[in-house]
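Atom set for the values below is all heavy atoms of this structure, side chains included, hydrogens, waters and symmetry mates excluded. Convention: sequence-line order gives letters A, B, ...; per-chain numbering from 1. Owing to the predicted nature of the structure, the values given are computational and were not obtained by experimental measurement.
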Protein chains: 2
Amino acid sequence: MAPPAEDTPRAPLTRDRVLETALGVADRVGVDAVTMRRLAVELGVKPMSLYHHVPGKDAILDGLVDRVFAEIDVPPEGLPWKDAIRLRCLSARAVLRRHPWATPLLEGRTSPGPATLHHHDAVLSCLRRGGLSLALTAHAYAVLDSFVYGFALQEATLPSGGDEGIAELAEHMVETFPAGAYPHLVELATHHVQQPGYGFSASFEFGLDLLLDGIEAAAGRRL
Amino acid sequence: MAPPAEDTPRAPLTRDRVLETALGVADRVGVDAVTMRRLAVELGVKPMSLYHHVPGKDAILDGLVDRVFAEIDVPPEGLPWKDAIRLRCLSARAVLRRHPWATPLLEGRTSPGPATLHHHDAVLSCLRRGGLSLALTAHAYAVLDSFVYGFALQEATLPSGGDEGIAELAEHMVETFPAGAYPHLVELATHHVQQPGYGFSASFEFGLDLLLDGIEAAAGRRL
DNA sequence: GCTTCTGCCTTACTTAGTACGGCTGGCTTG
DNA sequence: CAAGCCAGCCGTACTAAGTAAGGCAGAAGC
């Protein structure tokens, strides 16, 4: 059937193929399914063979985080800092929506990879070249990161079905409340979340613009 | 030695005592040390006995999260919404600094406890009674939560030594960089973080006030 | 005094990460 | 061309952790 010269029983194991497989498993089944044994099966190999290419499971998770950072789009050159940062934040959130399992890993992982470091450096570069002082840059950096990760984290725990999924969840939760308890949660759940046109996502741009405008104003005051 | 009438070999096991012990272990050793076996030892009991008082480990983690929420201070009555929310956010962050292990647990846990729900309801109540529309309340809620959790999450992964600890970490990291790479990270680390008077914490109030002012302005525009 | 029930224990299974050493086939080297 | 070496993979086994199933003993009630 196949040409006998190259039946390639399988490609040789490499760190890269391990990470590739891990990313696939995480996207398809969830990050909890990323176990050494599972990866071994998917690669047609025995568990301990993985250790010849990665130091251990932590290194795999570190590698996954770095791959996710690498997916964040780089904005075109020449944009004003505010627009460039805005695009980066939007892209970061989009990436984290594609890989919801990744968000809890982002923080908490020590030893950032090259893509991670490069991303952070690029953000700082953009702010500084926009004329922000070092002190204000540090504030902006901390604040924007916090917001983007925090928001992504909330989205990651929400049901995957998007805004209708949220509405469904809200209905479920309200049903379990003791009657009369948490009136404002109930109000929000029934009169807002379950209304047509609701979108949790809209809050992201709302908050992001609040922060960006505020940073811009602070920059104008030479802070 | 001891009075024979009541040597109280040990208090009876209860869900509350289990949670109490778990909280202690998490604070002293970290949340990873909260294992069923460890809790059993601390309570002078065998592991499986715990299951007669809690359904499983997840329930214990849920309980811990709820206890943490319960520690958030309630602001005095009669404050303007902005001040009241500000105090709540500051208190929430302070609580999460006391229990750094808790931050990654907050989101991701399904089935929130009564203290958690009550806290959320109180925040919503405050915003609505401040005159914010339901839509703006939803935005404000999502945005503030994201920021507070995101910031706390960053703090949780930072070294516990406070701002000097950060400076030390920054120095360490810079040393591992290839020469010339990540110039802006290096600049930030050496010319800002390691300067006397630096405080990562200051960024929290910076960002919080940006958000609160922005929300207030939006409320003024009757959004 | 016997029953029942509550509270704790015993045993054992499952999943995961990973330490340690063995085997083998292809490439280097004489 | 043959011998050997080594990179890459495998087998075995240990540890830690969650938890399912049933047993036993002392206290409370009939």
Protein-nucleotides 12-14 of chain D N/O pairs closer than 3.5 Å?
none

Minimum-distance nucleotide to [X] side chain [options: [options]]:
| X | options | value |
| --- | --- | --- |
| A:Met36 | D:dG18, C:dG17, D:dC10 | C:dG17 |
| A:Tyr51 | C:dT18, C:dC9, D:dG18 | C:dT18 |
| B:Lys46 | D:dC9, C:dC9, D:dA17 | C:dC9 |

Exercise for the section: List in chain and number order the residues that pass ring pair (Phe, Tyr, Trp, His ring centres under 6.0 Å) with A:Phe204, two or more places apart in sequence or in another chain; answer none if no residue qualifies. Expected result: A:Phe147, A:Phe151
Please state how far atom [atom1] in [X] lies from atom [atom2] in [N], giving the value in whole angstrom units.
| X | N | atom1 | atom2 | result |
| --- | --- | --- | --- | --- |
| B:Leu50 | C:dC9 | CG | C1' | 12 Å |
| B:Arg38 | D:dG18 | CZ | P | 12 Å |
| A:Ile60 | C:dA16 | CD1 | P | 14 Å |
| B:Lys57 | C:dT15 | NZ | P | 18 Å |
| B:Leu39 | D:dA17 | CG | P | 11 Å |

Exercise for the section: Hey, could you give me each pair passing ring-ring contact (aromatic ring centres under 6.0 Å, His included) that has a residue in residues 29-65 of chain B? Not counting sequence neighbours. Expected result: none
Problem - Inter- and intrachain pairs under ring-ring contact (aromatic ring centres under 6.0 Å, His included), touching residues 88-107 of chain A, at least two apart - result: A:His99-A:Trp101
Practice task
Verify the contact: side-chain N or O of A:His53 to OP1 or OP2 of D:dA7, cut-off strictly under 4.0 Å; return yes or no.
Solution key: no
Exercise for the section: Respond yes when some side-chain nitrogen or oxygen of B:Ser49 is under 4.0 Å from OP1 or OP2 of C:dC9, and no when none is. Expected result: yes
Exercise for the section: Pick base, sugar-phosphate or nothing for B:Thr35, based on heavy-atom distances below 4.0 Å to the nucleic acid. Expected result: sugar-phosphate
Problem - Any donor-acceptor N/O pair, B:Ser91 side chain to B:Leu87 backbone, under 3.5 Å - result: no
Exercise for the section: Indicate yes or no for a side-chain donor-acceptor contact from B:Ser146 to the backbone of B:Ala142 under 3.5 Å, with no hydrogens or angles considered. Expected result: yes
Exercise for the section: Select from A:Asp58 and A:His52 the residue whose nearest nucleotide in DNA chain C is closer to the 5' end of that strand. Expected result: A:Asp58
Problem - salt bridge (Lys or Arg N to Asp or Glu O under 4.0 Å) against A:Glu168, all qualifying residues, sequence neighbours excluded - result: none
Practice task
Scan residues 20-33 of chain B against DNA chain D and write down, sorted by residue number, each residue with any heavy atom closer than 4.0 Å; if none is found, say none.
Solution key: none
Handout entry: All pairs passing salt bridge (charged side-chain N to carboxylate O under 4.0 Å, His left out) where residues 106-126 of chain B contributes a residue, at least two apart
Key = B:Asp58-B:Arg109, B:Asp62-B:Arg109
Under 3.5 Å, sequence neighbours excluded: what are the donor-acceptor pairs made by side chains of residues 178-189 of chain B?
| unit_1 | atom_1 | unit_2 | atom_2 | d |
| --- | --- | --- | --- | --- |
| B:Glu187 | OE1 | A:Arg128 | NH1 | 3.3 |
| B:Glu187 | OE2 | A:Arg128 | NH1 | 2.6 |

Donor-acceptor list for residues 30-42 of chain A side chains, cut-off 3.5 Å, not counting sequence neighbours:
| unit_1 | atom_1 | unit_2 | atom_2 | d |
| --- | --- | --- | --- | --- |
| A:Thr35 | OG1 | A:Arg38 | N | 2.9 |
| A:Arg38 | NE | A:Glu42 | OE2 | 3.2 |
| A:Arg38 | NH2 | A:Glu42 | OE2 | 3.3 |
| A:Glu42 | OE1 | A:Arg28 | NH2 | 3.1 |
| A:Glu42 | OE2 | A:Arg28 | NH2 | 3.2 |

